[in-house]
Number of protein chains: 2
Amino acid sequence: MPTPHYGQPRYRTIAGELRSRIEEGAISIGALLPTEGALMAEFKASRGTVRQALAALREDGLVATAPGRGTFVRTAASERDELNEKHRRIRADASLAAAFSIEIGTLLVERERIKRKGGQTEEVIRSYRLVEPDLPPKRETHL
Amino acid sequence: MPTPHYGQPRYRTIAGELRSRIEEGAISIGALLPTEGALMAEFKASRGTVRQALAALREDGLVATAPGRGTFVRTAASERDELNEKHRRIRADASLAAAFSIEIGTLLVERERIKRKGGQTEEVIRSYRLVEPDLPPKRETHL
DNA sequence: AGAAATTTGTCCGTATGTATC
DNA sequence: AGATACATACGGACAAATTTC
C-alpha cells in the first residue's frame, strides 16, 4: 500500500488503539507495551510509522521509552488524564507583576490544566501570558 | 554514510546549527526557514533526518510549521528562552487544596518556569504536584 | 477559477549503531 | 557473548495544503 491517509493517518490510528488499551487497562501502569517489531507485525506498518505513534503517546506523557528496554505505561489505566482545561482572565498579583514587569492588577490570561489519574489529581499546571499569534497570517487570496 | 552517531546524532547537529542562526538573528522572527529540500542539500542529509531536526526545534517552541507553507521562526532572536526553572516547596492554598483534595497547608512541589524572549517575559508556567518517578527502575545488574 | 509548482505530511523498506537484558 | 530492543539514517513514493501563475 502506498500512502493513502484519507481519514486518519495510520500512526494516529495506531496511537489511538494503544491509548485505548492503556485506558481500558489491557496494558497496566508500569507495564511494557509491545515492542516496535511486534507492533509492526500487528498493524502491518513500517517501523517509522510505529515510532511516530509511540512518539505521539510520549508527547502526551502517556508512556516513556528507554533504549534497549522498551516503552512503558506512565499513567493510570482508567480515568486517565481528564485534563480539565480552563481559561480565565485574572489580574496580576505581586509575583506575576514582577515576572512580567507589569503593574499589579494588569489583566493576564491564565490557563489551568488539571491532570487526574483515577480520580486523584496528579498535577496542576497554570500558565500565564498576555496574548499573541503563532504563525504569520495567510496570504490574501491574491490580487 | 551508514549511521555512525558517535558524539551527536546528525539531526541534533542540524537542529543546533539552525538554532544558532535563529538566535544570532540570521533568520529573523516570523521568517521562513529554508525548505526541507534546501536543508537536505545543505547538510547532505535525508529528508527524515532534516524533519527530525525541525521536530526538535518545534518541541522547543522555537519554530512552527504549516503544511504547504514552511517552517517559521516563532520567538525572538537574541536573549531567547532563558527558561529559568525553579523548584520550591509551597503549602497548598485553598484552590490547590481543593484541586488535590488535600488539606490546606499540605506541602507541594512547585515548579516554576519563566519563558523570556528578548528580556520580556513571555509566559509563566507553574505546576504543582506531589512526587513520583517516571520509569520503572533498571534491573539490577542481574543475578 | 483553475492548473502547475512548491512544500510539508505520511508511509514504506532497509541498514547500521547503541543500550539493555 | 549473544539476543533483543530502541535510536539514527538513508532512499523512494504518493497525499494534501498552499502558493504561484
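This one's a predicted model, so the numbers in the text were calculated from it and none came from an experiment. Lettering of chains follows the sequences in order, A, B, ..., and the numbering in each one begins at 1. Heavy-atom basis, side chains included; hydrogens, waters and symmetry copies ignored.
Distance check, rounded to the nearest 0.5 Å: CZ of Arg10(A) to OG of Ser46(A) gives 8.0 Å. Taken from CG in Leu96(A) to OG1 in Thr121(B), the straight-line distance is 10.0 Å, to the nearest 0.5 Å. For the atom pair Arg58(B) CZ and Arg51(B) CZ, the distance stands at 6.5 Å (nearest 0.5 Å).
Applying the 3.5 Å distance criterion, the base of dG9(C) shares a donor-acceptor pair with the side chain of Arg47(B).
If you measure from atom CD of Gln52(B) to atom C1' of dT10(C), you get 15 Å, rounded to the nearest angstrom. In this structure, Tyr11(B) places its OH atom 21 Å from P of dT16(C), rounding to the nearest Å. Atom pair Phe72(B):CZ and dT8(C):P shows a separation of 9 Å (rounding to whole Å applied). Here the C1' atom of nucleotide dT8(D) and the CG atom of Leu54(B) are 16 Å apart, to the nearest Å. If you measure from atom CG of Leu33(B) to atom C1' of dT8(C), you get 13 Å, rounded to the nearest angstrom.
In this structure, Arg19(A) and Leu57(A) have side chains that are in contact, with non-hydrogen atoms separated by less than 4.5 Å.
No engagement by Gly48(A) is indicated, since no non-hydrogen atom pair under 4.0 Å with the nucleic acid exists.
Using a 4.0 Å cut-off between charged side-chain N and carboxylate O, Glu42(B) and Arg21(B) make a salt bridge. Glu122(A) has no carboxylate O lying under 4.0 Å from a charged side-chain N of Lys115(A), or vice versa, which leaves the two without a salt bridge.
When each of dC11(C), dG9(C), dC10(D) is scored by its nearest atom to the side-chain atoms of Pro9(A), the top-ranked nucleotide is dC11(C).
Residue Arg51(A) places no side-chain N or O under 4.0 Å from the OP1 or OP2 atom of dC6(D). Not one side-chain nitrogen or oxygen of Arg69(A) sits closer than 4.0 Å to the OP1 or OP2 atom of dC6(D).
Contacts between residues 35-45 of chain B and DNA chain C, defined by a heavy-atom separation below 4.0 Å, involve Thr35(B), Glu36(B), listed by number.
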